[in-house]
Amino acid sequence: KGYSYPVIRGCREARGEIICITDADVIAPNDWLRKIKKAYGENPDAAAIGGVFYYHDGTKFLNFLLRVIYTISPKLIIAEMNGTNMSFRKTAYEKVGGFEYGVNLSSETLLVRKLRATGRILIKKDIIVYTSRRRFRSLRSTFKELLRRGINALSIKLRGKIIFNS
């Protein structure tokens, strides 16, 4: 069924005030949830808070490059927020109607676009997870993935819809 159906069910079943989402291939540090909780305490007007990611199976150069890019702006890599490292207030999620059924690629970008109406969206560089390069193993797959995600991010900003779904 893709990404959207299980994440929608998980959000519906969640009992806490803050919903945290990551991927199955992510390694989150022991203090990941504590840092997210602290960030909401320091930013009571935040609707969503995300963080950055590095590759646990990446080269030192690739992770160095990500650090340089994040120093300039995380938004160069993370269009709005990345599903590997995101959280949002359940009340805000419910208010905007949550994730969209059937949308599997760029679903988090669509959600964050809607969440903007309920509060600030923050990306905190100290909230870090480590993910795999499964979609970025070769130059060709990296180009293809970044192109599709970039086009979707632009389409969401201009039309509120995605073009590529998987």
Side-chain angles (χ1 to χ4, degrees), residues 1-26 28 32-54 66 69-70 72-132 134-136 144-166:
K1 289 186 179 182
Y3 176 83
S4 67
Y5 293 94
V7 79
I8 289 169
R9 176 153 185 203
C11 291
R12 186 177 61 237
E13 300 287 332
R15 299 288 176 242
E17 175 187 339
I18 306 297
I19 297 174
C20 300
I21 294 182
T22 191
D23 289 337
D25 60 346
V26 163
W32 182 63
L33 292 173
R34 195 170 22 261
K35 285 183 177 182
I36 291 171
K37 181 180 178 182
K38 180 181 177 205
Y40 279 101
E42 294 170 348
N43 299 280
D45 60 337
I49 297 176
V52 299
F53 65 89
Y54 295 99
L66 285 172
I69 291 168
Y70 292 149
I72 298 166
S73 173
K75 293 201 175 246
L76 293 175
I77 295 288
I78 304 167
E80 290 285 345
M81 192 168 295
N82 192 287
T84 61
N85 190 1
M86 72 182 295
S87 66
F88 42 84
R89 295 188 188 278
K90 186 166 184 173
T91 53
Y93 176 84
E94 290 171 340
K95 186 175 184 177
V96 301
F99 284 104
E100 295 184 25
Y101 282 101
V103 175
N104 297 310
L105 185 67
S106 303
S107 58
E108 63 269 27
T109 305
L110 277 172
L111 175 64
V112 170
R113 183 175 191 259
K114 296 190 294 186
L115 287 171
R116 261 187 208 295
T118 68
R120 288 191 319 145
I121 309 300
L122 303 173
I123 298 175
K124 307 289 277 179
K125 294 183 209 174
D126 67 324
I127 300 174
I128 300 168
V129 298
Y130 301 89
T131 189
S132 77
R134 72 184 189 281
R135 291 187 182 98
F136 303 98
K144 181 180 173 184
E145 190 71 20
L146 291 176
L147 181 65
R148 291 174 7 169
R149 289 177 183 271
I151 289 171
N152 270 356
L154 184 60
S155 179
I156 289 167
K157 282 186 189 264
L158 297 176
R159 308 174 335 135
K161 298 179 184 179
I162 62 164
I163 294 173
F164 299 105
N165 194 29
S166 60

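Looking at every heavy atom in both residues, Asn85 comes nearest to Ile127 through ND2-O, 2.9 Å. Here the closest non-hydrogen pair linking Leu33 and Cys20 is CD2-SG, 3.7 Å. In terms of heavy-atom proximity, Ile18 sits nearest to Ser87 at CG2-CB, 4.0 Å.
By the neighbour-count criterion of 12 heavy atoms within 6.0 Å, atom NZ of Lys95 is sparsely surrounded, having that number or fewer from other residues, nucleotides or ligands. Shown here is Lys90, whose NZ atom has more than 12 heavy atoms of other residues, nucleotides or ligands within 6.0 Å. Within a 6.0 Å radius of NZ in Lys35, more than 12 heavy atoms belonging to other residues, nucleotides or ligands are found. Surrounding CZ of Arg12 are more than 12 heavy atoms belonging to other residues, nucleotides or ligands, all under 6.0 Å away.
In this structure, the side chains of Glu100 and Lys114 come closer than 4.5 Å at one or more pairs of heavy atoms. Residues Thr118 and Phe88 form no side-chain contact, since every pair of their non-hydrogen atoms from C-beta on lies 4.5 Å or further apart.
A distance of 13.0 Å separates OH in Tyr101 from OG in Ser107, rounded to the nearest 0.5 Å. In this structure, OG1 in Thr109 is found 8.5 Å from CE in Met86, a value given to the nearest 0.5 Å.
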Considering only distance and modelled atom types, tabulate donor-acceptor pairs under 3.5 Å from the side chains of residues 41-50, sequence neighbours left out.
unit_1, atom_1, unit_2, atom_2, d
Asn43, OD1, Arg120, NH2, 2.8
Asn43, ND2, Ala39, O, 2.8
Asp45, OD1, Arg120, NE, 3.3
Asp45, OD2, Arg120, NE, 3.0

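A donor-acceptor pair under 3.5 Å is absent between the side-chain atoms of Tyr93 and the main chain of Ile19, judged by distance alone.
Residues satisfying the salt bridge (charged side-chain N to carboxylate O under 4.0 Å, His left out) test with Asp126, not counting sequence neighbours, are none.
The only member of Asp25, Asp23, Ile21 that meets side chain to side chain contact (heavy atoms under 4.5 Å, CB included) when paired with Thr84 is Asp23.
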